[in-house]
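First comes the structure, then the notes that go with it.
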Amino acid sequence: MVFVTAVGLLAAASCAYYVAALLVLWRHSRDQSNAPTEPRSRPGITILKPASGAGADFVNLLGSHAAQDYPDFEILVGAGGHDSLARAAVRKVQADFPRARIQLVDCPTPAPGCNGKVEALRELARHASKPVWVLSDADIGVPGGYLASLSAELQAPKTGMVTCLYRAEPDASWLTRLEACRVNTEFPAQVLLAKSLQGLRFGLGSSMALRAETLASVGGFAALRDVIGDDYHLGARIAAEGLSVSLSATPVSTRLSRGTTWRQSWRRQLRWSRTIRKQRPLGHFFLVLTFAVPWSVLALLAEAGTLWPLAAAAISLRLVAGRAAARLVRAQGGARSLWLVPAADLVAATVWLGSLFGHEVWWAGRRLRLGPQGRILS
């Protein structure tokens, strides 16, 4: 009886969660139409792009940045000595876009206990010459008008940072399709609900636009070198200064690596979940509300005769909200991939359970031990 009551309550809570998700998704979609797309002025922009571990798609992803129709921007790409694909991609994009200012910057191997991406950003920052900086992960591609939109949104009063939602683009494998399904149909709602409840107090590593002087005022990259989830910490520091972190109306895309193995996918998703647990324990706990399908299945197995209407409602709301989220981030084939939601949610629930235990993550080939707030201990 206790088990039946528990899964019934969890299914009911998931229903409430997805009703709220639909509301914030609709509200953000409505607000997008009022977002500025043309800046009042066009300050120079430096794109800082650490490229350690970049894959074969990096040439196309970098090309989407170089193709921007913006009058004054430069791209700084940080690569280590072994990043041959990134170096070859830079040479190719330099040849394809001869008018674009693209510079390859050699980045040292990060010291133990340091965030390798932040160390690369610190090196790139030494070469930046523009007043506005856009931080963009290596696996991110961007649409046309991206820089103009970010510049316009950053010019809103009291705005300290503009960050972007993203969609995941899989290859043909079942593994990346499952991972992309969860990202595209669930993650946007999580971000928007957090924004609705407490304001946006974090950034998303997909893209973060800010003024160089704003970064300096919150301690610069040096303040982030020994934490994982630097995007979260940077946004939190900016919000603590009384500036707003704004969510752009322009989503970007992340390309899931070709040839990803189950172990690599598990380690990546476990790192995401365990990082959230370290940084926002309460938010991590309430991820249980996003597992509508697993709770509904358990409810049907426990007491199908009385709980089936609740289970049907929870699954229906999950699918409707998932379609709305995928549409918001412009994920192609979002509606056609909804049949993957049950399996994707089951994998996500398994990852969440695994993230409750342990303090280690794998990132960029390095095994890191995490302390409170995601501090890297070793």
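Note that the numbering runs from 1 along the sequence shown for the chain. Every value quoted in this text rests on a predicted model; they were computed, and no experiment measured them.
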Fill in: Gln94 side-chain N/O to Ala100 backbone N/O, donor-acceptor pair under 3.5 Å
no
Discussion item. Just checking Lys92: does its NZ atom have more than 12 heavy atoms from other residues, nucleotides or ligands closer to it than 6.0 angstrom?
Written reply: no
Worksheet item: Should Leu300 and Leu298 be counted in the same cluster of Ile, Leu, Val, Met, Phe, Trp and Tyr side chains packed under 4.5 Å apart?
Response: no
Fill in: Side-chain donor/acceptor of Asp83 to backbone N/O of Ala86, under 3.5 Å
no
Practice prompt. Could you tell me whether the side chain of Trp295 and the main chain of Ala311 form a donor-acceptor pair under 3.5 Å?
Written response: no
Item to complete: Give the intermediate values and the outcome of salt bridge (charged side-chain N to carboxylate O under 4.0 Å, His left out) for residues Arg367 and Glu360.
Response: CA-CA 7 Å; Arg367 188 175 183 176; Glu360 294 182 337; 2.8 Å; yes
Worksheet entry | Under 3.5 Å: donor-acceptor pair, side chain of Ser14, backbone of Thr290 | no
Practice prompt. Measure from NZ or CZ of Arg280 to the centre of the six-membered ring of Phe202 and say whether it is under 6.0 Å with the direction within 45° of the ring axis.
Written response: yes
Worksheet item: Should Met208 and Asp231 be marked as a side-chain contact (heavy atoms from CB on, under 4.5 Å) after you check the CA-CA gap, both sets of side-chain angles, and the distance that decides it?
Response: CA-CA 8 Å; Met208 296 183 288; Asp231 47 359; 3.7 Å; yes
Worksheet item: Counting N and O atoms only, with roles assigned by atom type, does the side chain of Gln68 sit under 3.5 Å from a partner on the main chain of Pro143, one being a donor and the other an acceptor?
Response: yes
Practice prompt. Treat each ILVMFWY residue as a node, draw an edge where side-chain heavy atoms are under 4.5 Å apart, and state whether Leu346 and Leu319 are in one component.
Written response: no
Item to complete: Classify the side-chain pair His284/Lys278 by whether it contains a donor and acceptor separated by less than 3.5 Å.
Response: no
Worksheet entry | Over 12 non-hydrogen atoms of neighbours within 6.0 angstrom of CZ in Arg263 | no
Worksheet item: Regarding Arg177 and the six-membered ring of Trp174, is the cationic atom NZ or CZ under 6.0 Å from the ring centre and inside 45° of its axis?
Response: yes
Worksheet item: Should Lys49 and Asp137 be marked as a salt bridge (charged side-chain N to carboxylate O under 4.0 Å, His left out) after you check the CA-CA gap, both sets of side-chain angles, and the distance that decides it?
Response: CA-CA 6 Å; Lys49 203 165 186 69; Asp137 284 349; over 6 Å; no
Worksheet item: Short question: side chain of Asp230, backbone of Leu224 - any donor-acceptor pair under 3.5 Å?
Response: no
Worksheet item: Any luck finding a side-chain donor-acceptor pair between Ser248 and Glu153 under 3.5 Å?
Response: yes
Worksheet item: Do side-chain atoms of Ser296 reach the backbone of Ala292 as a donor and acceptor pair under 3.5 angstrom?
Response: yes
Worksheet entry | Heavy-atom closest pair, residues Ala302 and Val4 | CB-CG2, 3.8 Å
Worksheet item: Just wondering, are more than 12 heavy atoms of other shown residues or ligands nearer than 6.0 Å to NE2 in His82?
Response: no
Worksheet item: Yes or no on side-chain hydrogen bond (donor to acceptor under 3.5 Å, both in side chains) for Ser217 and Glu241, after CA distance, side-chain angles and deciding distance?
Response: CA-CA 9 Å; Ser217 72; Glu241 290 292 309; 5.1 Å; no
Discussion item. Pair Trp266, Val351 - check side-chain contact (heavy atoms from CB on, under 4.5 Å), show working.
Written reply: CA-CA 7 Å; Trp266 169 263; Val351 170; 3.6 Å; yes
Discussion item. For the residue pair Arg30 and Trp26, would you count it as a cation-pi contact if the rule is NZ or CZ under 6.0 angstrom from the ring centre and within 45 degrees of the ring axis?
Written reply: yes
Worksheet item: Would Phe3 end up clustered with Val297 when hydrophobic side chains under 4.5 Å apart are linked, directly or stepwise?
Response: no
Worksheet item: Under a 4.0 Å N-O cut-off, is there an ion pair linking Glu123 with Arg126?
Response: yes
Worksheet entry | Salt-bridge contact Asp72-Lys130 (side-chain N to carboxylate O under 4.0 Å) | yes
Discussion item. Using a 3.5 Å distance criterion without hydrogens, assess whether the side chain of Ser149 forms a donor-acceptor pair with backbone atoms of Gly145.
Written reply: yes
Discussion item. Working note: Phe286 + Tyr17, criterion ring-ring contact (aromatic ring centres under 6.0 Å, His included); need CA distance, chi angles, decisive distance, verdict.
Written reply: CA-CA 10 Å; Phe286 279 110; Tyr17 171 86; 9.7 Å; no
Item to complete: Assess the side chains of Thr185 and Arg318: does a donor N or O sit below 3.5 Å from an acceptor N or O?
Response: yes
Discussion item. Does this structure show an ion pair linking Asp106 with Arg87, if we count only N-O contacts that are shorter than 4.0 Å?
Written reply: yes
Worksheet entry | Worked verdict on Asp139 versus Arg255 for salt bridge (charged side-chain N to carboxylate O under 4.0 Å, His left out) | CA-CA 6 Å; Asp139 59 352; Arg255 193 72 55 84; over 6 Å; no
Worksheet item: Taking atom CZ of Arg366 as the centre, does the number of heavy atoms from other residues, nucleotides or ligands within less than 6.0 Å exceed 12?
Response: yes
Worksheet item: Do Tyr146 and Tyr70 have ring centroids that are under 6.0 Å from one another?
Response: no
Worksheet item: Is there a donor-acceptor pair under 3.5 Å between the side chain of Thr214 and the backbone N or O of Leu210?
Response: no
Worksheet item: In terms of hydrophobic clusters joined by side-chain contacts under 4.5 Å, are Leu370 and Leu287 together?
Response: no
Discussion item. Working note: Leu154 + Leu150, criterion side-chain contact (heavy atoms from CB on, under 4.5 Å); need CA distance, chi angles, decisive distance, verdict.
Written reply: CA-CA 6 Å; Leu154 190 61; Leu150 291 184; over 6 Å; no
Item to complete: Determine, stepwise, if the pair Leu76 / Ile47 fulfils side-chain contact (heavy atoms from CB on, under 4.5 Å).
Response: CA-CA 6 Å; Leu76 304 179; Ile47 300 175; over 6 Å; no
Worksheet item: Under the 3.5 angstrom rule, does the side chain of Arg27 hit a backbone N or O of Ser196 as a donor-acceptor pair?
Response: no
Fill in: Among Ile75, Asn60, Leu61, Ile102, side chain to side chain contact (heavy atoms under 4.5 Å, CB included) partner for Val93
Ile102
Worksheet item: Are Val288 and Leu317 connected in the hydrophobic side-chain network, where two residues link if heavy atoms are under 4.5 Å apart?
Response: yes
Practice prompt. Check the pair Glu119 / Lys117 against salt bridge (charged side-chain N to carboxylate O under 4.0 Å, His left out), numbers first and verdict last.
Written response: CA-CA 5 Å; Glu119 289 292 271; Lys117 186 179 84 171; over 6 Å; no
